[in-house]
Amino acid sequence: MSNAAQATAGFPLTLDAFNRLPVRFKMAAAVGVAVAVAVIIGTWLWAKQPDYTVLFSNLSDKDGGEIVAVLQQQNVPYQYSDTGSAILVPSSQVHDVRLKLASQGLPKGGMVGFEVMENQKMGASQFLEQINYQRALEGELARTISTIGSVKGARVHLALPKQTSFLRDEQKPTASVLLNLQPGRTLEGAQIAGIVHLVSSSVPELNPANVSLVDQEGNLITQKNDPLHTAGLDPSQIKYVREIEDNYAKRVEDIIAPIVGNSNVKAQVTADVDFSQVEQVAETYRPNPNPDTAIRSQQINEAGTANPPAAGVPGALSNQPPVPAIAPLTTPPAPGTPGAAQGATGTIGSSASNTPTNFTKNATINYEVDKTVKHTKGVPGVIRRLSVAVLVNQKKDPTKPKPSPLTDAEIKQITALAREAVGFNQDRGDSLNVANAAFTPDDRALPQTPLWKDPFLLATLKEVGRYIALIVVAWLVWTKLLQPLFKKLAEIPKPRPHEIEQQEELDESGHIIPTFDAKVEEAKEVAKQDPKMVANMIKEWVGGEPR
């Protein structure tokens, strides 16, 4: 190995080696190091850049300007989306910023509420007051409806007719609601009914039938000729029927699944539910038996009529005019007696009888009776009939190429279990049918979100990709820029201690070109180490033969 190679192999990187490089090499090295540092720092800052999340979207120009002004005052970084319809802030500050903006009443949603009444001017006409009230009512209803999870935004239009004193000319108010639903979301029947009743309850004399709901695509959500309303069933009742059917079907599947397997049984139940409400009052009367007979009231009336007896001597004398009155020989009867009321004179020794000849007796007796009053009020939602259908898959035997049907005993056992699970009642007309057939594999694939569209996966890959990019950039800077530079510096030979300091030059490959003084010093060193070799070289130069 030559002395230069030895010097190169044992050369440590020092600042002196860098100082001995030509100016163009120094400039290239400095630029390379600066570029490497800039790339690494830029990649690091990009990797640590916060992830921006939507703060608010679909804002009006007024709300957007006010929100941006508040963000600038609070030194909160923000960005705009590509379409300019949303304001983005760092995800770590989105909730804090929303609460701060809400405390200031932002965003206002591009609509006014009852705060418009706070700035009412003096001298405003009645017409202007009515318009402001209608605007406030529409704005408040729209804000309330927008808080529903499936609703992204709402607009409410009220038609409030002018009041009149004539009943035949009176018109009822109407309302129209435009709903902007969230992407991929729909409203259930109960939610539609809730919005309709919310609007109708907020406006006096507004009938729910006069409220129309329309989505952002122009589809009428509230159907006036809905068969459910025609049949007298509201969405809550339909939901109740579905819950009953699903509950009974789940009972059947849960009791049979341990026998045949979870995927080998399917059950469907149809329930006939009576939602009518009946009130009945019945009174029943029964006679009491003799021992328990009780008199409630009793009334007895007795009456008799007495005829006056005949008086005087029959014959011609009785037809004569009356003689002057003489004193009677008998004591006159006491006042009030039949003889006194006669007005005739009795004779001594008269044997006429005073016993009445007509006598009546009436008795009225009221007895207590056994009275029963029964008040019956029917509960709506009573099941009138159940229809149950159960389908069981055939048994699969690994030793047989085809599945085998169930035996009669197994079907009978499954039927008995299903009857008990649904509370089968033959008196009300329930029906149960159990069928055994081979299931056909379902080739329909369930709709699944593609893996590359999963939000959580995309966020994770984005975060990991930043650090991978940082590592790749650092590795490229080291292998393509810094490592070749250090290797070039390592190839510069170390100067000898006895060399005189002088200007040295490098060839195109970066090696030092020896000067004349360096060559002389090197020749001296060689002569000291091997004088015989030097003597032979000199003889050859002068033309002599070596000895």
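Only a predicted model underlies this, so the values are computations on that prediction, with no experimental measurement involved.
At a threshold of 4.5 Å between non-hydrogen side-chain atoms, the residues Val214 and Asn219 do not count as touching. Between Tyr52 and Pro90 there is a side-chain heavy-atom pair separated by less than 4.5 Å. When side chains are defined from C-beta on, Arg155 does not count as touching Val177, because their heavy atoms never get closer than 4.5 Å. Residues Leu101 and Val70 have side chains in contact (heavy-atom distance under 4.5 Å, counting atoms from C-beta outward). Here the side chains of Val54 and Ile87 are not in contact, with every heavy-atom distance at 4.5 Å or above. Here the side chains of Asn433 and Val388 are not in contact, with every heavy-atom distance at 4.5 Å or above. Here the side chains of Val203 and Leu137 are in contact, with some heavy-atom distance below 4.5 Å. A 4.5 Å side-chain heavy-atom check between Leu71 and Val97 finds at least one atom pair inside the cut-off.
The two atoms that bring Ala249 and Val269 nearest to each other are N-CG2, 3.7 Å, heavy atoms only. The shortest non-hydrogen separation linking Tyr248 to Val422 is CE2-O, 3.4 Å. Scanning both residues, Leu206 and Pro173, for their nearest heavy atoms gives CD1-O, 2.9 Å. In plain terms, the two heavy atoms of Ser212 and Thr222 that are nearest each other are CA-OG1, 3.6 Å. When all heavy atoms of Gly381 and Tyr240 are compared, the closest pair comes out as O-OH, 3.5 Å. Here the closest non-hydrogen pair linking Pro208 and Val196 is O-CG1, 3.5 Å.
Within the model, atoms CG of Leu213 and CG of Leu187 stand 7.5 Å from one another, a figure rounded to the nearest 0.5 Å. Here Ser146 contributes atom OG and Leu141 contributes atom CG; the two are 10.5 Å apart, rounded to the nearest 0.5 Å. Rounding to the nearest 0.5 Å places CD of Gln104 at 12.0 Å from CG of Leu99. For the atom pair OG of Ser404 and NZ of Lys395, the computed distance is 5.0 Å after rounding to the nearest 0.5 Å. Here the CD1-CZ distance, from Ile67 to Arg98, works out to 10.5 Å after rounding to the nearest 0.5 Å. In this structure, CD1 in Ile145 is found 5.5 Å from CD1 in Ile195, a value given to the nearest 0.5 Å.
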Criterion side chain to side chain contact (heavy atoms under 4.5 Å, CB included) on Leu55 and Gln93, from CA distance to verdict
CA-CA 9 Å; Leu55 178 64; Gln93 304 181 20; over 6 Å; no
Could you walk me through whether Gln394 and Leu406 pass side chain to side chain contact (heavy atoms under 4.5 Å, CB included), step by step?
CA-CA 6 Å; Gln394 294 183 353; Leu406 298 177; over 6 Å; no
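Panel note: side chain Asn436, backbone Pro405; no donor-acceptor pair is recorded below 3.5 Å. With hydrogens and angles disregarded, no donor-acceptor distance shorter than 3.5 Å links the side chain of Glu245 to the backbone of Gln268. Under the 3.5 Å distance criterion, the side-chain polar atoms of Asn207 are left unmatched by any main-chain donor or acceptor of Asn210. Ser201 places no side-chain N or O within donor-acceptor distance of the main-chain N or O of Leu198, the cut-off being under 3.5 Å. With hydrogens and angles disregarded, a donor-acceptor distance shorter than 3.5 Å links the side chain of Glu138 to the backbone of Leu158.
The residues Glu140 and Arg143 are annotated as salt-bridged, a charged nitrogen and a carboxylate oxygen being separated by less than 4.0 angstrom.
Residue Gln74 qualifies as enclosed at atom CD: its count of foreign heavy atoms under 6.0 Å is above 12. For NE2 of His95, the number of neighbouring non-hydrogen atoms (other residues, nucleotides, ligands) closer than 6.0 Å is 12 at most.
Within the structure, side-chain hydrogen bond (donor to acceptor under 3.5 Å, both in side chains) contacts touching residues 181-200 (residues at least two apart or in different chains) are Ser150-Arg185.
With sequence neighbours left out, the ring-ring contact (aromatic ring centres under 6.0 Å, His included) criterion links Tyr80 to Tyr78.
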Let me have the donor-acceptor pairs involving side chains of residues 252-266, under 3.5 Å, with sequence neighbours excluded, atom names and distances please.
{"residue": "Glu253", "atom": "OE2", "partner": "Ala267", "partner atom": "N", "Å": "3.2"}
{"residue": "Asp254", "atom": "OD2", "partner": "Lys250", "partner atom": "NZ", "Å": "2.8"}
{"residue": "Asn264", "atom": "OD1", "partner": "Asn393", "partner atom": "ND2", "Å": "3.2"}
{"residue": "Asn264", "atom": "ND2", "partner": "Val260", "partner atom": "O", "Å": "2.5"}

